[in-house]
Amino acid sequence: MKDHLVRILTDKGNVRALACATTGLALEGARRHGTLPTASAALGRALTAGGLLGALLKTGQRVALKFEGNGPLRKIVVEAESTGAVHGYVAVPEVNMIRPDGKLDVAGALGKAGLLTVTKDLRMREPYTSTVQLVSSEIAEDVAYYLTESEQIPSAVGLGVFVDAEGIPASAGGFLVQALPQADPELLDLLMERIAALPPLSRLFLDGATPEDLLARLFEGIPYRTLEKRELAFVCSCSREKIDRVLISLGGEELADIIEREDSVAVTCEFCREVYTYSKEQVEELRRHALS
Ligand SMILES: [Zn+2]
């Protein structure tokens, strides 16, 4: 199943919901960053959250989620665009922590104390930034808390990544249910009950459920219409031109130093691990730009 997201709206009762399948995102994140199982799960959940929040943006807008905790993983950063392009990384990919019950300990890896910072580039003059405390460090609850407290939209979020015995994500997906203004409280109670009764999402998607199936299950007997289906993919926004600009911004003196010391320079994009290499001559050319 290709990664995709479905967005629906109830005919009555003012509830919107999104569900997505993100196995490809989780897999590509793990592959690019060489994550160990717990870090794979944490990154996969965060990438899925990025896909969900990205789907609420208008054309050309971007959102970034930064989870910073006091655990060994230290930081997870994810960026998503309105197009369905999502990319991200964990500060320390070599983290594997298992709970006593045998489950991957994402909360322990990220750390119980920390912050979630959400930055939205809405193409206005200043990006909108908001920071909340981590409430569970399991990612889903933290994103729900941010949406409910900071954006004032009561929200429920579920995220699941199933990591196989080799440490490779075998399935991933998630959902977001939001109460719009004047949402029907009885409908919300019913949805909360159904969400609480769901099996673990990682298992649900591993068993072959699609985002459409998940929404049909949550909204059984509640008329709704599908507003949108879109593809999601791990796509980075880095390019040689962007890296050129970063190097030029170091300034002529710094670049002259590099030319003196190094035969070539390799710059790695932290979001996707793409490596951009520059020969001495290419750095010299950038130095001329920096001076002009
Ligand atoms: Zn990149």
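Numbering of ligands and ligand atoms starts at 1, following listing order.
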Rounding to 0.5 Å, atoms OG (S82) and CG (L57) come to a distance of 6.0 Å
Distance col, row R45:CZ vs L110:CG, nearest 0.5 angstrom, shows 10.5 Å
Charged N to carboxylate O below 4.0 Å: is that the case for D184 and K12? no
Any chance the side chains of R16 and Q178 put a donor and an acceptor closer than 3.5 Å? yes
side-chain hydrogen bond (donor to acceptor under 3.5 Å, both in side chains) pairs touching residues 87-111, sequence neighbours excluded, are T38-N96, E79-H87, Y89-E270, R99-D101
Atoms listed for the Zn ion (ligand 1) (protein only, N, O or S, under 2.8 Å, no waters) are C236 SG, C238 SG, C269 SG, C272 SG
Please walk me through it: do D121 and Y128 pass side-chain hydrogen bond (donor to acceptor under 3.5 Å, both in side chains)?
CA-CA 7 Å; D121 181 355; Y128 160 89; over 6 Å; no
